[in-house]
A.B. asks: 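Could you have a look at this structure, given as structure tokens, before my questions?
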Amino acid sequence: MAIYLNRDTRIMIQGITGSVGSTQAKLTKDYGSAIVGGVAPGKGGREVHGLPVFDSVAEAVEVTQANASVIFVPASAAPEAAHSALDAGLGLVVIITEHVPVRESLDIQLHARECGAVVIGPNCPGLLTPGVGRMGIIPGHVATPGKVGVVSRSGTLAFEVAADLTDAGIGQSTIVGIGGDVAPCTSLLEVLSQFEEDPSTEAVVIVGEVGGSSEEQAAEYIKKAMKKPVFAFVAGRCAPPGKKMGHAGAIVRGKAGTAAHKVRALEDAGVAIARNPIQLPGLINARLGRRNSR
């Protein structure tokens, strides 16, 4: 098993005829994912890497029985693409696009809740369930099947952590990149709750960063509700005070949102903290033992 992306997931790509969408469609197909087609309004009837292209999500769903979508379209078109996917009944939508306005993200989040769907992103690397499939831009070669879940606000750090775990012989159940925006459609806490309920996940790694309060909220949940061991790395310990960071959500106001504040909250919840990503495998093996991590 896994969370969100499993063997029953049938994937389409919105924006499949664009350069990024086309490239990622090929990588997704080559990884062995169950990708069934794509959408590009006005370009229906074409093929991209042997995959059929449709003019609308509704048409694609009717023909292919897709139940999930990855969105690779410009920011101006991303909200409409997401709402179209939700209106078509898709249960899982991943928005890779960055620069989606916060108001639009909140509208998508509300729509998803009304539909009982899950939206990951925007401005995120997506999902990877090792050996099963990928939705987004997480490179498949960095991961290996196992029992440690990874949830990250950062894309590249998610890749690095997965690679470090793999090199140490620690496999992953699912890697979830929620994105670095102020209001991601799926929160860090929500992903943790999914990992807690997943029987194939024995432990969880959080990759946090400065800004916002999601790690502090997650710490409260971990303290009250999580039975599985949690490990974390929080990026930004050396961030200069007042320095604007890269992600839209990396906003520090006073002491709130600093890496130090997040680390204290997580430590108070019993989370084992790594000072850099490469320390995570050692912490996990010390707690679980190598045999139980794959």
Side-chain angles (χ1 to χ4, degrees), residues 3-5 14 68-75 78-83 85-86 90-128 134-138 149-159 161-162 174-196 204-222 230 232-236 245-253 256-257 259 262 265-266:
I3 67 169
Y4 303 130
L5 172 57
Q14 292 174 255
S69 176
V70 189
I71 295 176
F72 290 104
V73 302
E80 182 180 356
H83 289 301
L86 294 169
L90 298 185
L92 175 62
V93 179
V94 175
I95 308 173
I96 307 300
T97 309
E98 61 180 336
H99 303 308
V100 175
V102 175
R103 173 60 185 272
E104 298 285 5
S105 293
L106 293 173
D107 286 344
I108 295 168
Q109 184 183 106
L110 178 60
H111 191 180
R113 289 177 178 172
E114 291 173 345
C115 296
V118 173
V119 176
I120 306 295
N123 186 22
C124 76
L127 306 170
L128 177 72
R134 66 193 292 273
M135 293 180 66
I137 61 173
I138 301 176
V150 178
V151 54
S152 177
R153 290 178 62 192
S154 165
T156 51
L157 283 175
F159 312 161
V161 166
T174 303
I175 302 164
V176 184
I178 62 172
D181 277 1
V182 174
C185 290
T186 295
S187 69
L188 177 59
L189 189 155
E190 289 170 319
V191 177
L192 287 176
S193 68
Q194 290 295 309
F195 277 133
E196 176 68 10
V204 182
V205 171
I206 295 171
V207 184
E209 64 182 16
V210 296
S213 60
S214 59
E215 290 85 354
E216 289 89 344
Q217 293 169 3
E220 287 299 314
Y221 171 76
I222 292 166
V230 182
F233 166 69
V234 179
M245 306 301 287
H247 280 168
I251 301 170
V252 178
R253 295 182 175 90
K262 294 171 183 294
L266 290 167

A.B. asks: Using side-chain heavy atoms (C-beta onward) and a distance below 4.5 Å, is H99 in contact with N123?
C.D. replies: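 H99 does not reach N123 side chain to side chain.
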
A.B. asks: Would the distance check show the side chain of T97 and the main-chain N or O of V73 forming a donor-acceptor pair, the cut-off being under 3.5 Å?
C.D. replies: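 Side chain of T97 to backbone of V73: a pair is present.
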
A.B. asks: Within the distance-only criterion (no hydrogens, no angle test), does the side chain of S152 pair as donor or acceptor with the backbone N or O of G177 below 3.5 angstrom?
C.D. replies: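 It does not hold such a pair.
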
A.B. asks: Might you work through the side chain to side chain contact (heavy atoms under 4.5 Å, CB included) test for R153 and S214, ending with a clear yes or no?
C.D. replies: CA-CA 10 Å; R153 290 178 62 192; S214 59; 3.7 Å; yes

A.B. asks: Less than 4.5 Å apart, any side-chain heavy atom of I222 and any of I206?
C.D. replies: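 Yes - at least one pair of side-chain heavy atoms lies under 4.5 Å apart.
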
A.B. asks: Check whether any side-chain heavy atom of E209 sits under 4.5 Å from a side-chain heavy atom of L157, and report yes or no.
C.D. replies: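 E209 vs L157: side chains apart.
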
A.B. asks: So do V94 and L5 actually touch side chain to side chain, heavy atoms under 4.5 Å?
C.D. replies: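 Side chain of L5 against side chain of V94, heavy atoms only: no contact under 4.5 Å found.
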
A.B. asks: Any non-hydrogen side-chain atom of C185 less than 4.5 Å from a side-chain atom of P122?
C.D. replies: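 In short, these two side chains touch, coming nearer than 4.5 Å.
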
A.B. asks: Could you check whether any side-chain N or O of E104 sits under 3.5 Å from a backbone N or O of P79, counting only pairs where one atom can act as donor and the other as acceptor?
C.D. replies: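 No; zero donor-acceptor contacts below 3.5 Å.
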
A.B. asks: Rounded at 0.5 Å granularity, tell me how far SG in C124 sits from CD1 in I96.
C.D. replies: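 Between atom SG of C124 and atom CD1 of I96 there are 4.5 Å.
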
A.B. asks: Could you check whether any side-chain heavy atom of V151 comes within less than 4.5 Å of a side-chain heavy atom of F195, counting everything from C-beta outward?
C.D. replies: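 A side-chain contact exists here, since the closest heavy-atom pair is under 4.5 Å.
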
A.B. asks: Should V93 and I108 be marked as a side chain to side chain contact (heavy atoms under 4.5 Å, CB included) after you check the CA-CA gap, both sets of side-chain angles, and the distance that decides it?
C.D. replies: CA-CA 10 Å; V93 179; I108 295 168; over 6 Å; no

A.B. asks: Answer yes or no: is there a donor N or O on one side and an acceptor on the other, between the side chain of K262 and the main chain of G211, under 3.5 Å?
C.D. replies: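 Yes, K262 side chain to G211 backbone: donor-acceptor pair under 3.5 Å.
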
A.B. asks: Look at the side chain of S213 and the backbone N and O of E216, then say whether any donor-acceptor pair between them is shorter than 3.5 Å.
C.D. replies: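 No; judged by distance alone, with no hydrogens or angles, the pair does not exist.
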
A.B. asks: Taking side chain as C-beta onward, heavy atoms only, is T186 less than 4.5 Å from V176?
C.D. replies: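 They are not in contact (no side-chain heavy atoms under 4.5 Å apart), so the answer is no.
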
A.B. asks: Any chance you could measure L266, atom CG, to E220, atom CD, to the nearest 0.5 Å?
C.D. replies: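 Answer rounded to 0.5 Å: 10.5 Å.
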
A.B. asks: If you define the side chain from C-beta out and look only at heavy atoms, does anything of E196 sit under 4.5 Å from L192?
C.D. replies: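 When only atoms from C-beta onward are counted, L192 and E196 do not touch, as no gap falls below 4.5 Å.
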
